[in-house]
Peer 1: 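First the structure, which I've put down as structure tokens, then a few questions once you've had a look.
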Amino acid sequence: EVAVTRVARAGVVYDVAKDRDKIVNVFRRGHDSVFEGNKRMRLTLLSFVASAALLAQRPGAEPPSFPLWAGGAPGALGTEERDIPTLTPWIAKNPNGKAIVVCPGGGYGALAVDHEGKQIAQWLNSQGISAFVVRYRLGPRYRHPVMIGDAQRALRIVRTRAAEWNVNPGKIGIMGFSAAGHLAAT
């Protein structure tokens with residue numbers, strides 16, 4: 001498997017991950033005489049560059065999760081997976097010191113972990129921001145304020161282990177989707 005990380009055009013070298021918009025604009029304009037009038041070649045090259053940009057940012061396997069509480073969560077009603085809130089750290093490859101705790105939505109009855117957790121974490125990573133996806137406890141088995149306690153615990157863990165994850169403890173935020181937007185704002 002090959003990942004293209006740099007592209008050259010007219011003597012200028014572009015970093016695919018950082019200069020994606022510049023690359024698209026340069027190839028779209030087609031200033032070189034080589035590409036003048038050759039729309040098919042420009043489009044082919046543009047498609048190649050866009051594909052390379054996506055491949056260069058494709059993440060590896062999902063990182064392992066760990067429980068928010070080592071000895072069991074306070075107020076847990078059992079020991080099943082749904083009774084054990086977890087945190088999945090998605091550490092950016094080129095971290096900028098910022099981090100976001102991501103709370104997937106789902107109406108407090110389910111979690112949309114793929115598109116409101118994993119995919120958001122991958123996008124944040126592409127921006128240099130480390131992401132930490134929380135799987136918090138849900139209703140109807142659990143009621144407010146249990147979910148808030150899980151989110152607060154996740155924030156405390158990220159702050160406590162900030163040095164280990166190359167995160168500035170003063171630059172940690174939280175975001176949530178749908179019902180988790182309420183959770184993050186509470």
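Quick note: numbers below take in every heavy atom, side chains included, and nothing from hydrogens, waters or symmetry partners. Start at 1 with the first residue, then count along the sequence. It should be emphasised that the depicted structure is a prediction, and the values quoted were computed from it without experimental measurement.
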Peer 1: Atom CG in Leu68, atom CZ in Arg156: separation rounded to 0.5 Å?
Peer 2: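 So the gap between those two atoms works out to 9.5 Å.
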
Peer 1: Using 0.5 Å steps for rounding, measure from the CD1 atom of Ile157 to the CG atom of Leu87.
Peer 2: 6.0 Å

Peer 1: Which pairs, with at least one residue in residues 154-180 and sequence neighbours excluded, count as a ring-ring contact (aromatic ring centres under 6.0 Å, His included)?
Peer 2: Phe132-Trp165

Peer 1: Distance check, rounded to the nearest 0.5 Å: Ile129 atom CD1 versus Ile172 atom CD1?
Peer 2: 12.5 Å

Peer 1: Can you sort out the partners of Glu80 under salt bridge (Lys or Arg N to Asp or Glu O under 4.0 Å), two or more places apart, ordered by chain and number?
Peer 2: Arg82

Peer 1: Which residues pass the side-chain contact (heavy atoms from CB on, under 4.5 Å) test with Ala162, sequence neighbours left out?
Peer 2: Val167, Pro169

Peer 1: Does CZ belonging to Arg135 count more than 12 external heavy atoms closer than 6.0 Å?
Peer 2: no

Peer 1: Are Ile174 and Val134 close enough, and set up right, to give a side chain to side chain contact (heavy atoms under 4.5 Å, CB included), and what steps lead you there?
Peer 2: CA-CA 10 Å; Ile174 185 168; Val134 183; over 6 Å; no

Peer 1: Restricting to side chain to side chain donor-acceptor pair (under 3.5 Å), what partner residues turn up for His115, sequence neighbours left out?
Peer 2: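 With neighbours one apart ignored, the set is empty.
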
Peer 1: How far does CZ of Arg159 sit from CG of Asn168, to the nearest 0.5 angstrom?
Peer 2: 11.0 Å

Peer 1: If I compare all heavy atoms of Ala180 with all of Cys103, which pair ends up nearest, and what's the gap?
Peer 2: CB-O, 3.0 Å

Peer 1: Excluding sequence neighbours, so at least two apart, what forms salt bridge (Lys or Arg N to Asp or Glu O under 4.0 Å) with Arg141?
Peer 2: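 Applying salt bridge (Lys or Arg N to Asp or Glu O under 4.0 Å) to Arg141 gives Asp83.
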
Peer 1: Mind checking what makes side chain to side chain donor-acceptor pair (under 3.5 Å) contact with Thr88, not counting sequence neighbours?
Peer 2: Ser65

Peer 1: Can you list everything that forms a side-chain contact (heavy atoms from CB on, under 4.5 Å) with Ala92? Sequence neighbours excluded, please.
Peer 2: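 Result, side-chain contact (heavy atoms from CB on, under 4.5 Å) vs Ala92: Pro95, Asn125, Ser130.
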
Peer 1: Closest approach of Pro104 and Leu111, non-hydrogen atoms and distance?
Peer 2: O-CD2, 3.6 Å

Peer 1: Which heavy atom in Gly117 sits nearest to a heavy atom in Val102, and how many Å separate them?
Peer 2: CA-CG1, 4.2 Å

Peer 1: Under the side chain to side chain donor-acceptor pair (under 3.5 Å) rule, collect the residues that match up with Glu164, sequence neighbours excluded.
Peer 2: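 Partners of Glu164 by the side chain to side chain donor-acceptor pair (under 3.5 Å) criterion, ordered by chain and then number, come out as Arg161.
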
Peer 1: Please enumerate all residues that pass side-chain contact (heavy atoms from CB on, under 4.5 Å) together with Lys118, with sequence neighbours excluded.
Peer 2: Glu62, Trp90, Asp114, Gln122

Peer 1: Please evaluate residues Leu183 and Ile148 with respect to the criterion side chain to side chain contact (heavy atoms under 4.5 Å, CB included), reporting the C-alpha separation (whole Å), side-chain torsions for both, the decisive distance (0.1 Å), and the verdict.
Peer 2: CA-CA 6 Å; Leu183 175 63; Ile148 293 172; 3.8 Å; yes

Peer 1: Search all heavy atoms of Pro64 against all heavy atoms of Pro89 and return the closest pair with its distance.
Peer 2: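 Result for this residue pair: O-CD, 3.5 Å.
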
Peer 1: Can you pull out every side chain to side chain donor-acceptor pair (under 3.5 Å) where at least one residue sits in residues 175-186? Sequence neighbours excluded, please.
Peer 2: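 Qualifying pairs: Tyr108-His182.
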
Peer 1: Any ring-ring contact (aromatic ring centres under 6.0 Å, His included) pairs touching residues 66-88, not counting sequence neighbours?
Peer 2: none

Peer 1: Are there more than 12 heavy atoms of other residues, nucleotides or ligands under 6.0 Å from atom CG of Asn96?
Peer 2: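 Atom CG in Asn96 is packed in, count exceeds 12.
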
Peer 1: Restricting to salt bridge (Lys or Arg N to Asp or Glu O under 4.0 Å), what partner residues turn up for Arg137, sequence neighbours left out?
Peer 2: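 Arg137: salt bridge (Lys or Arg N to Asp or Glu O under 4.0 Å) contacts with Asp150.
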
